[in-house]
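Worksheet: one structure, shown below.
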2 protein chains.
Amino acid sequence: MAQKNNLKYIILGLLSERSLTGYDITKAFASDIGEFWSANHSQIYPLLIKMEANGLISHEIIVTGAKLEKKLYSLTQTGTIEFKTWLQSPTPELSASKDEFILKLYFIENSTDPLLPEMLAEQLMLHHNKLVHLQSQMTNKFENTDRKQAQFGHFLILQHAIERETAYESWLQQTINNLGD
Amino acid sequence: MAQKNNLKYIILGLLSERSLTGYDITKAFASDIGEFWSANHSQIYPLLIKMEANGLISHEIIVTGAKLEKKLYSLTQTGTIEFKTWLQSPTPELSASKDEFILKLYFIENSTDPLLPEMLAEQLMLHHNKLVHLQSQMTNKFENTDRKQAQFGHFLILQHAIERETAYESWLQQTINNLGD
DNA sequence: TTATTACATGTAATTATTTACATGTTTTAG
DNA sequence: CTAAAACATGTAAATAATTACATGTAATAA
């Protein structure tokens, strides 16, 4: 999907909080941000180089141990402005949520299709696991109210993700139950 | 996103119902399937050629009017098998739903951020419109129970999409309400 | 009859994304 | 001490997807 370079804005946003290496940014997609966006290091490193060439970020070399060189990236003034401009711009498009299971379900014509029970059970397990994971994230990150204040947006989207997965799970469960009729 | 060639399976699935032209397939993404997947004709036409080269589909020329040639594509036996194999295969990955608004929200740190009310209101409008649209789709397509039987999967995913948008809208509304405290 | 819209099919260029290839350092656990 | 895991940074190749370019026909509404 050729999107509107959203990855660039994620990187700008992460760097607006503090300076980071490419590795740190990659790790962010394995935890926090990974809940609602994905990116690989092979996409991140070249983009960092490009963004630096475009004057959005700059780096300094940090040496760890004897000789391991890290590039610590920071926002430039231009980058800060570009990030704020993006945040303030409208988001008028609702992208289709590409869910392969939903795709398969579309092609199931009959409620008596023998594939259905297994398909639904598999997804129920996946979404249940996801829900449990999100709930533990919520507990870990926002058990004290201070952080809920300091990372309000993050709190909101976690809350939203939990509600989304709850609804998904409940729809699957209902559908499974109704198959028995 | 380099996915697992899901578009190929959508095309196989559509052709498993009846023979279609590339234009028909393109149109499907503007209505039914467009609710939960997107594709452009510039992606579809080359893929049809490739799929035919791979023996999954074949075409015959139909002439409309004086000389307008259409290519009517049909599934081959190989294509039918490949489609059924896909339908029966597990779907063990939950892809991150790439939602630009959620991304922006992640970077809103404070509940008093002056951008918040406008952002939430914009999304509320978008999701409300989407919900209304989905509900009218549901009414149009499944007002009589026969079609609910004949296109059970389609009915289910529409129902799911409606529940998802309802939950999305209600989360946005709740959040807007809570900002007033 | 004529202009607009819908039908119909492609290619080119660019951007986005994934998977695989490639290399080396530092820390930690056994 | 040594092996494994984590840290750290890249490139290459392939696939997926969007936007723009390009052309022509048929149906319909004014």
Side-chain angles (χ1 to χ4, degrees), chain A residues 1-11 19-31 33-34 36-54 57 59-73 93-100 103, chain B residues 1-11 19-31 33-34 36-54 57 59-73 93-100 103:
Chain A
M1 192 187 328
Q3 276 171 93
K4 327 167 8 198
N5 215 348
N6 279 311
L7 183 55
K8 178 173 84 175
Y9 298 108
I10 297 174
I11 291 174
S19 298
L20 296 167
T21 66
Y23 190 79
D24 295 331
I25 293 168
T26 302
K27 266 195 309 177
F29 286 93
S31 57
I33 282 198
F36 50 93
W37 209 273
S38 62
N40 297 104
H41 80 275
S42 55
Q43 198 184 355
I44 289 164
Y45 285 110
L47 185 52
L48 285 170
I49 290 164
K50 188 182 162 194
M51 287 169 72
E52 184 161 32
N54 293 339
I57 58 177
H59 81 270
E60 56 173 322
I61 303 281
I62 304 289
V63 178
T64 303
K67 54 178 168 176
L68 182 62
E69 294 191 346
K70 307 187 203 180
K71 289 185 178 178
L72 192 66
Y73 284 95
E93 304 292 339
L94 255 38
S95 57
S97 59
K98 298 194 163 183
D99 179 330
E100 191 183 348
L103 217 50
Chain B
M1 194 187 329
Q3 274 167 99
K4 323 165 16 194
N5 214 347
N6 280 310
L7 183 55
K8 179 173 85 175
Y9 298 108
I10 297 174
I11 291 174
S19 297
L20 297 167
T21 65
Y23 190 79
D24 295 331
I25 292 168
T26 302
K27 266 196 307 178
F29 287 93
S31 57
I33 282 199
F36 51 91
W37 209 272
S38 62
N40 297 103
H41 81 274
S42 55
Q43 199 184 354
I44 290 164
Y45 286 111
L47 184 52
L48 285 169
I49 290 165
K50 189 182 162 192
M51 287 169 70
E52 184 162 33
N54 292 341
I57 58 177
H59 81 269
E60 57 173 322
I61 303 280
I62 304 289
V63 178
T64 304
K67 53 177 169 177
L68 181 63
E69 293 192 347
K70 308 187 204 182
K71 289 186 179 178
L72 192 64
Y73 285 95
E93 305 292 339
L94 254 38
S95 57
S97 58
K98 299 194 162 183
D99 178 331
E100 192 184 347
L103 217 49

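The structure displayed is predicted, hence computed values, not measured ones. Quick note on labels: first sequence line is chain A, next is B, and so on, each numbered from 1.
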Ignoring backbone atoms, test whether [X] places a side-chain nitrogen or oxygen under 4.0 Å from the OP1 or OP2 oxygen of [N].
X: A:Y23; N: D:dT9; result: no
X: A:Q43; N: C:dT17; result: yes
X: A:K98; N: D:dA17; result: yes
X: B:K8; N: D:dA16; result: no
X: B:S38; N: D:dT18; result: yes
X: A:T64; N: D:dC7; result: no
X: B:N40; N: D:dA17; result: no
X: A:Y45; N: D:dT9; result: yes
X: A:K70; N: C:dT25; result: no

Just by distance, do the side chain of B:N54 and the backbone of B:M51 share a donor-acceptor pair under 3.5 Å?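 Pair absent, no side-chain N/O of B:N54 close to backbone of B:M51.
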
If we ignore hydrogens and angles and just use 3.5 Å, is the side chain of B:E52 paired with the main-chain N or O of B:H59 as donor and acceptor?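 Flag set: sc B:E52 to bb B:H59 pair under 3.5 Å.
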
Can you find a donor-acceptor N/O pair under 3.5 angstrom joining the side chain of B:T21 to the base of C:dT9?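 No, no donor-acceptor pair under 3.5 Å.
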
Measure from the side chain of A:K71, starting at C-beta and using heavy atoms only, and say which of C:dT26, C:dG10, D:dT9 lies closest.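 So the side chain of A:K71 is nearest to D:dT9.
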
If you only use heavy atoms from C-beta on, which nucleotide in D:dT18, C:dA20, C:dA16 is closest to the side chain of A:N5?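 Of all the options, the side chain of A:N5 is nearest to C:dA16.
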
Rounded to whole Å, please give me the gap between [atom1] in [X] and [atom2] in [N].
X: A:L7; N: C:dT18; atom1: CG; atom2: P; value: 10 Å
X: A:E93; N: D:dA17; atom1: CD; atom2: P; value: 18 Å
X: B:D24; N: C:dT9; atom1: CG; atom2: C1'; value: 12 Å
X: B:H59; N: C:dG10; atom1: NE2; atom2: P; value: 8 Å
X: B:L48; N: C:dT9; atom1: CG; atom2: P; value: 9 Å
X: B:I61; N: C:dA8; atom1: CD1; atom2: C1'; value: 12 Å

Pairwise distance NZ(A:K4) to CG(A:N6) - rounded to 0.5 angstrom: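 The distance works out to 6.5 Å.
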
To the nearest 0.5 Å, how far apart are OG in A:S38 and CD in A:Q43?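 The CD atom of A:Q43 is 8.0 Å from OG of A:S38, to the nearest 0.5 Å.
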
Check A:F29 against A:W37 and note the closest heavy-atom contact, atom names and distance.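 So the minimum-distance heavy-atom pair works out to CD2-O, 3.8 Å.
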
5'-most by nearest nucleotide on DNA chain D - A:L68 or B:K67: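 Of the two residues, A:L68 wins.
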
